[in-house]
Amino acid sequence: MDPNAQVQVATMGTKLEYGITDDTTQAVTWTRVYGLASTPDFGGEPNKIDTTTLDNTVAETQTLGLMPAVEVSYEFNVMALSNANANIRLIKTLADAKSKVKWRLTKASGITFEYEAVPTISYSADEQGGIEKFVMYHDLKSDITITLPTASAGDNEG
């Protein structure tokens, strides 16, 4: 084994929560949405703007332009609907009310993504022997804040 190899982080433990702000205290109460099956990409490759002129005789030139708009969607396995707190019940309630709430995705690595959005739901097609799923889309109402976990002193060794 390579003594300088770095341990990689698996996706197990990734969680999505939504937060409701108390109007009086401004405290946020976070509720976890279970059954998360996939998370979105955050960011992406910027558009490229062609800067090639007639003077260029070897290669085209480009400069980086705007970042693409973020499309935020999450896929979930549907929880048993006999549960009053089933994931689809929680999300459908927010979607039906067109509620703008805080969202916090915490990756297994500890990286967090926070933003405000209004959710909508799409029901996925079923397949033979598959798990019933739904997709939640977010209409972003704020910028996305990305926070890296604090490094401990031992993380710099090696």
Side-chain angles (χ1 to χ4, degrees), residues 1-47 66-158:
M1 180 174 172
D2 180 356
N4 295 320
Q6 298 294 315
V7 176
Q8 306 302 304
V9 179
T11 58
M12 295 178 294
T14 297
K15 66 180 179 177
L16 180 66
E17 302 166 290
Y18 67 89
I20 305 294
T21 304
D22 181 289
D23 291 334
T24 306
T25 65
Q26 296 304 304
V28 178
T29 302
W30 293 99
T31 301
R32 185 170 179 178
V33 183
Y34 289 93
L36 186 62
S38 70
T39 63
D41 292 331
F42 289 95
E45 183 179 352
N47 296 322
L66 297 173
M67 293 293 289
V70 177
E71 295 179 16
V72 178
S73 63
Y74 298 90
E75 185 176 47
F76 292 88
N77 294 337
V78 175
M79 294 170 63
L81 293 175
S82 57
N83 180 348
N85 290 321
N87 55 8
I88 199 165
R89 289 187 191 284
L90 295 174
I91 301 305
K92 187 173 184 318
T93 299
L94 295 172
D96 287 351
K98 298 182 179 5
S99 299
K100 178 178 87 170
V101 295
K102 296 179 185 298
W103 293 91
R104 178 170 66 190
L105 175 68
T106 305
K107 299 253 187 175
S109 62
I111 298 170
T112 61
F113 302 82
E114 291 189 45
Y115 55 90
E116 290 184 319
V118 176
T120 58
I121 293 178
S122 172
Y123 300 92
S124 301
D126 294 328
E127 57 188 49
Q128 177 69 29
I131 298 292
E132 191 171 340
K133 297 184 179 213
F134 71 95
V135 178
M136 175 178 58
Y137 299 94
H138 282 171
D139 179 11
L140 292 177
K141 300 300 181 188
S142 73
D143 289 334
I144 298 171
T145 302
I146 302 169
T147 306
L148 300 180
T150 304
S152 63
D155 289 346
N156 294 326
E157 294 177 7

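Numbers here simply count residues along the sequence, with the first being 1.
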Chemist: Where do Thr14 and Leu105 come nearest, in terms of heavy atoms and distance?
Modeler: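 Taking Thr14 first and Leu105 second, the nearest heavy atoms are CG2-CD1, 3.8 Å.
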
Chemist: Working to the nearest 0.5 Å, report the span between OG1 of Thr120 and CG of Leu94.
Modeler: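 Here the rounded value is 11.5 Å.
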
Chemist: Atom OG of Ser38 and atom NZ of Lys133: how far apart are they, to the nearest 0.5 Å?
Modeler: 7.5 Å

Chemist: With a 4.5 Å limit on heavy-atom distance, are the side chains of Tyr34 and Arg32 in contact?
Modeler: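 Yes, their side chains come closer than 4.5 Å.
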
Chemist: Ignoring hydrogens, what is the shortest heavy-atom contact between Arg89 and Leu81? Give both atom names and the distance.
Modeler: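 Closest heavy-atom pair between Arg89 and Leu81: NH2-O, 2.6 Å.
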
Chemist: In Å and rounded to the nearest 0.5 Å, what is the CD to CG distance from Glu132 to Asn77?
Modeler: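 So the CD of Glu132 and the CG of Asn77 are separated by 10.0 Å.
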
Chemist: Could you tell me whether Glu17 and Arg104 have a side-chain N and a carboxylate O separated by less than 4.0 Å?
Modeler: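 So Glu17 pairs with Arg104 through a salt bridge.
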
Chemist: For the OG1 atom of Thr112 and the NZ atom of Lys107, what is their distance to the nearest 0.5 Å?
Modeler: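 If we round to the nearest 0.5 Å, Thr112:OG1 and Lys107:NZ are 11.5 Å apart.
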
Chemist: Apply side-chain contact (heavy atoms from CB on, under 4.5 Å) to residues Glu116 and Leu140 and explain how you reach the verdict.
Modeler: CA-CA 6 Å; Glu116 290 184 319; Leu140 292 177; over 6 Å; no

Chemist: Using every non-hydrogen atom in the two residues, find where Glu75 and Ser124 come nearest and quote the distance to one decimal.
Modeler: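 Nearest pair, atom of Glu75 first, then Ser124: OE2-OG, 4.4 Å.
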
Chemist: Verify the neighbour count for atom CD1 of Ile20: are there more than 12 heavy atoms of other residues, nucleotides or ligands below 6.0 Å?
Modeler: yes

Chemist: Are the side chain of Ser99 and the backbone N or O of Val101 linked by a donor-acceptor pair below 3.5 Å?
Modeler: no

Chemist: Run the side-chain contact (heavy atoms from CB on, under 4.5 Å) test on Thr29 and Asp22 for me, step by step, so that the C-alpha distance in whole Å, both residues' side-chain angles and the decisive distance to 0.1 Å come before the verdict.
Modeler: CA-CA 8 Å; Thr29 302; Asp22 181 289; 6.0 Å; no

Chemist: Return the minimal non-hydrogen interatomic distance between Asn83 and Asn85, and the atom names on each side.
Modeler: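 Where Asn83 meets Asn85 most closely, the heavy atoms are OD1-N, 2.7 Å.
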
Chemist: Taking atom NZ of Lys102 and atom OG1 of Thr145, what is their separation to the nearest 0.5 Å?
Modeler: 9.5 Å

Chemist: Take Tyr115 and His138, measure what side-chain hydrogen bond (donor to acceptor under 3.5 Å, both in side chains) needs, and give me the verdict at the end.
Modeler: CA-CA 10 Å; Tyr115 55 90; His138 282 171; 2.7 Å; yes

Chemist: Considering all heavy atoms of both residues, which atom of Pro149 and which atom of Ile111 are nearest to each other, and what is their separation?
Modeler: CD-N, 3.9 Å

Chemist: How about Ile144 and Glu114: do any of their side-chain heavy atoms sit closer than 4.5 Å?
Modeler: no

Chemist: I want to check something: taking the side chain as every heavy atom from C-beta on, are Tyr137 and Pro119 in contact at a cut-off of under 4.5 Å?
Modeler: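 Tyr137 does not reach Pro119 side chain to side chain.
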
Chemist: Stepwise, does the side-chain contact (heavy atoms from CB on, under 4.5 Å) test hold for Trp103 with Met136?
Modeler: CA-CA 12 Å; Trp103 293 91; Met136 175 178 58; 3.7 Å; yes

Chemist: Rounded to the nearest 0.5 Å, what separates atom OH in Tyr74 from atom CG in Asn87?
Modeler: 14.5 Å

Chemist: Please report the shortest heavy-atom distance between Pro40 and Ser73, naming the atom on each side.
Modeler: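 The pair with the smallest heavy-atom distance is CD-O, 3.3 Å.
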
Chemist: Does the pair Val72 and Phe113 meet the rule for a side-chain contact (heavy atoms from CB on, under 4.5 Å), with working shown?
Modeler: CA-CA 11 Å; Val72 178; Phe113 302 82; over 6 Å; no

Chemist: Taking the six-membered ring for Trp, are the ring centroids of Phe134 and Phe76 within less than 6.0 Å of each other?
Modeler: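 Under 6.0 Å, so yes.
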
Chemist: Hey, does Leu36 have a side-chain heavy atom less than 4.5 Å from the side chain of Lys15?
Modeler: no

Chemist: Taking the side chain as every heavy atom from C-beta outward, state whether Ile88 and Leu90 have any pair of such atoms under 4.5 Å apart.
Modeler: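 Not in contact.
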
Chemist: Counting only heavy atoms not in Asp143, do more than 12 fall under 6.0 Å of its CG?
Modeler: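 Atom CG in Asp143 is not packed in, count stays at 12 or less.
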
